[in-house]
Amino acid sequence: MAAPRILSGIKPTGRPHLGNYFGMMRPGIEWQERGEAFYFIADYHALTTVHDPAALREYTRSVALDFLACGLDPKKAVLFRQSDVPEVTELAWLLTCLTPMPMLENCHAYKDHVAKGKVPSHGLFAYPVLMAADILLYNSNVVPVGRDQKQHVEVTRDLAEKANRVFGEVFTVPEASIVAEVATVVGLDGQKMSKSYNNTIGLFEEEKVLRKKVMSIVTDSAPVEAPKDPANSAIVALYRLCAEPDAVALMEDQFRAGGIGYGDFKKRLFEALWDRFAPFRAKRAELSADPATLDAILEDGARRARAVALPTMDRVRKAFGLK
Ligand code: ADP
Ligand code: TRP
């Protein structure tokens, strides 16, 4: 079989956090060894929430730097800005015309918004269709994402299958790839870590901020001597992501044995996180001192992305009767 085409995106709505890293960036970086990987900064999607142009530009560059610092290799993977290939919005329109409203009414981002009593924009409602366009434009086989995006990949599959029934074999039907152990990384409060819940640990926090955040992880009020349950602890869950298996086993044993307070475990977690991301911090400092290199990487990425997108659009326009 030919090398798979891999594609994923991340919204530039703030600085990436541990959930983004373990759920999507790290699996994406691993996939770059196994096929043709395309990763983009989803600035069109970010416009559903970010309405400050300077902030959008700044987040877009900063997320690209973060991804590169964590190991994305621009010689192997294609890194680009979503809006550098505006044809994706045309494809989104074509797909919109095949999308039943109830399918979108059922999507969680929109449902959560309505449940909170807020009025969603049409952009938020149509968000999964633009995401389907992202995936289908690049003939993607595999989409590495965290569990919260599974539903959107299902929508993409449904739309691709429908288009293929109606217009002939126009689209590749993709599959989500979700790493089970990190499908949902927990945040400081024990819920899913998310920018919208204000419970994140950023990948590149300053030392003091990181320490403060780790010390603020919510625990029960068990006293030092009491045995503690490692299964329900955000401290242990996060430690598992960044420490060696032996160190994790030791922490779990010490939780069960009692005699050590949560504060000490948190200090250990802080050290592990700080060390785990040290090489990435060094790489990021180096990259951010050289903005021209980032410009060149994004330009090259846009060129390579267009080389796939334009022929797809030709094929799709013909199939839909526009040519
Ligand atoms: P956020 O929810 O913080 O706004 P994004 O929607 O930008 O994050 O998510 C970018 C990628 O990171 C997606 O693939 C998403 O599934 C993944 N991701 C986000 N939060 C988590 C988490 N807590 N655990 C695992 N993966 C996550
Ligand atoms: N919706 C994704 C998120 O919120 C980001 C995204 C946009 C994406 N387009 C995509 C992910 C295409 C995978 C494939 O995280």
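Whatever order the structure lists ligands and atoms in, that order sets their numbers, starting from 1.
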Contact partition for [X] relative to ligand 2, non-hydrogen atoms under 4.0 Å:
{"X": "Ile135", "value": "side chain"}
{"X": "Lys11", "value": "side chain"}
{"X": "Leu130", "value": "neither"}
{"X": "Met24", "value": "neither"}

State whether the shortest distance between N or O atoms of Gln149 and N or O atoms of ligand 2 falls below 3.5 angstrom.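 Right, the criterion is met.
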Distance-only N or O hit between ligand 2 and Asp134, under 3.5 Å: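 Between Asp134 and ligand 2, an N or O pair is found under 3.5 Å apart.
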What protein heavy atom sits nearest [atom], and how far off is it?
{"atom": "atom 1 (N) of ligand 2", "result": "Tyr127 OH, 2.7 Å"}
{"atom": "atom 8 (O) of ligand 1", "result": "Asn20 ND2, 3.2 Å"}
{"atom": "atom 26 (N) of ligand 1", "result": "Gly19 O, 3.2 Å"}
{"atom": "atom 5 (C) of ligand 2", "result": "Gly9 O, 3.5 Å"}

Parallel, tilted or perpendicular, judged at 30° and 60°: which one describes the rings of His152 and Tyr127?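 Aromatic pair His152/Tyr127 classed tilted.
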Measure up the Tyr110 and Phe125 rings against each other and bin them: parallel (under 30°), tilted (30 to 60°), perpendicular (over 60°).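 Rings of Tyr110 and Phe125: perpendicular, as their planes differ by over 60°.
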Ring-face cation of Arg81 near Phe40 (centre distance under 6.0 Å, axis angle within 45°):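 Negative - Arg81 is either too far from the ring of Phe40 or too far off its axis.
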Is it possible for you to check whether Arg211 lies under 6.0 Å from the centre of the six-membered ring of Trp274, through NZ or CZ, and within 45° of that ring's axis?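 The answer is no; the distance or angle limit is not met.
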Are any of the side-chain nitrogens in Asp314 or Lys318 under 4.0 Å away from the carboxylate oxygens of its partner?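 Not counted as a salt bridge, because no side-chain N and carboxylate O are separated by less than 4.0 Å.
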Side chain, backbone, both or neither: which applies to Met24 and ligand 1 if a contact is any heavy-atom pair less than 4.0 Å apart?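 Side chain only.
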Which segment of Ala183 sits under 4.0 Å of ligand 1 when only heavy atoms are counted: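 For Ala183, only backbone atoms sit under 4.0 Å from ligand 1.
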Judged on heavy-atom distance to atom 14 (O) of ligand 1, which of Pro144, Pro27, Gly146, Ala176 sits nearest?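 Selected option, by shortest heavy-atom distance: Gly146.
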Closest by any non-hydrogen atom to atom 15 (C) of ligand 1: pick that one out of Asp148, Val153, Val145.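 When every heavy atom of Asp148, Val153, Val145 is considered, Asp148 comes closest to atom 15 (C) of ligand 1.
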Under 3.5 Å: N/O of His17 near N/O of ligand 1: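 Yes, at least one N or O pair falls under 3.5 Å.
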